[in-house]
Amino acid sequence: SPTTAFTDRLRKYSSYSAAVSDGLDAQTLLALSAIFSQTPRPKIAYVGRRDAATINVALASSTIVTGAVYTLSINGESVSYTAKDGDGVDEVLNGLNTAIQADTTLKAMFGTPVVSDSNLSLPKTDATALFSVTGGSNLSVSAQGGTSNLATDMEAIKAADNTWYGWSLVERSDSLISQGAAWTETQSKLFFARTATSSVWSSATDDVASQLKSQQYLRTVLIADRNAATQYPDAATMGRFFTKDPGATVFALKSLASMTPSAFSDTEKGYLIDKNVNTYEQYSDNTYLFGVGTELKASGRVTSGEWIDVVRDRDWMINDIQTVIASVLIRNDKVPYTNAGIALIVNTLRARLQNAQTQ
């Protein structure tokens, strides 16, 4: 998320309420709500911060009360505007902008501001500069990340803390999905993405789903969702399935809490499944499921066509083997190149493979 609620590169949340208390923007909170609404819910979710390129300020309500004070905090420094009689939304936003421009330090942080469509847009002069921007209860603050620097942001998040496996984007953009898929393919991680681009469920061959399929990406899960602007089935899917141990579940034919299903015609559904795109839809009366395929092809796949659970379970097994073999080498002063030393490694490996088979 290109959140401006904090300047840390990553923060961990054990509950939705903790994120609300931190003052995260509405879209990031929607994503976290999707995660923590699942049953059982994950113990923890991480919010990694992308570098924000543009800060957007809007009013929480279009009703302007004369004398109301609108306060914006930038790096702990407050700028305010007091509404006058007859002010509209744009007058309040222009008033806030005037207060920013009057402060030399704050003015230098932003390029040319724009007030349009009831929104004050503040482009940052240095996209990598770290500063927080928050608003009072009568203001709504959001941000946009850069359009071409996702891999750089992800590497910075990974460098700050690499103890996470699955990830998704708060922002919705097919271009960012393509960038995220390319970056994730170089990692031992899974990327969950959502799209509302209608060409994905058509015969088009140049849409993001077709491109990802042609690239045979093994680590990207794409979800078609008509409501992708207002909900996060990608985050919900991680919240729903990552609470299950590897080997204990398949990523298909399972319900998601708090998600509105999408409806696709048989023709549209055929295109989606052929492109290895997943859906969340009504299966039968009062039954709504993720990963419903067709009579010809099952769902619950990454964009290459492999099963999601196969990719995840294989990653888990590799990590498990690496961990226990490293532990053997760490615990022993020396593992000799003898029958006894070789047996120590072999027996440890065999035990982990047996455990994987049991799971």
For Gln144 and Glu171: C-alpha separation, side-chain torsions, deciding distance, then whether side chain to side chain contact (heavy atoms under 4.5 Å, CB included) applies. CA-CA 8 Å; Gln144 294 170 291; Glu171 297 166 288; 4.3 Å; yes
Apply the test side chain to side chain contact (heavy atoms under 4.5 Å, CB included) to residues Lys213 and Asp274: give CA-CA distance (whole Å), side-chain angles for both, the deciding distance (0.1 Å), then the verdict. CA-CA 10 Å; Lys213 180 182 177 181; Asp274 182 64; 3.9 Å; yes
Evaluate salt bridge (Lys or Arg N to Asp or Glu O under 4.0 Å) for Glu306 paired with Arg314, printing each intermediate quantity in order. CA-CA 12 Å; Glu306 181 60 275; Arg314 183 169 57 192; 5.2 Å; no
Could you walk me through whether Trp201 and Phe264 pass ring-ring contact (aromatic ring centres under 6.0 Å, His included), step by step? CA-CA 8 Å; Trp201 48 85; Phe264 299 100; 5.1 Å; yes
Chi angles and distances behind the ring-ring contact (aromatic ring centres under 6.0 Å, His included) call for Phe251, Trp307: CA-CA 8 Å; Phe251 284 66; Trp307 305 108; over 10 Å; no
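Val221 is listed as a side-chain neighbour of Ile308, based on a closest heavy-atom distance under 4.5 Å. Within the 4.5 Å cutoff, side-chain heavy atoms of Thr279 are placed close to those of Lys269.
Between Val200 and Lys275, the shortest heavy-atom contact is O-NZ, 3.2 Å. When all heavy atoms of Asp85 and Thr66 are compared, the pair lying nearest together is CA-OG1, 3.5 Å.
By the 30° and 60° cut-offs, the orientation of the rings of Tyr165 relative to Phe242 is tilted.
Lys84 and Asp87 are not joined by a salt bridge, as no carboxylate oxygen comes within less than 4.0 angstrom of a charged side-chain nitrogen. One finds a salt bridge joining Arg226 and Glu268 here, because a Lys/Arg side-chain nitrogen approaches an Asp/Glu carboxylate oxygen to under 4.0 Å. Ion pairing between a basic and an acidic side chain is recognised when a charged N comes within 4.0 Å of a carboxylate O; Asp161 and Arg9 show no such pairing.
No more than 12 heavy-atom neighbours from other residues, nucleotides or ligands sit within 6.0 angstrom of NZ on Lys107.
Here the OH-CZ distance, from Tyr232 to Arg172, works out to 8.5 Å after rounding to the nearest 0.5 Å.
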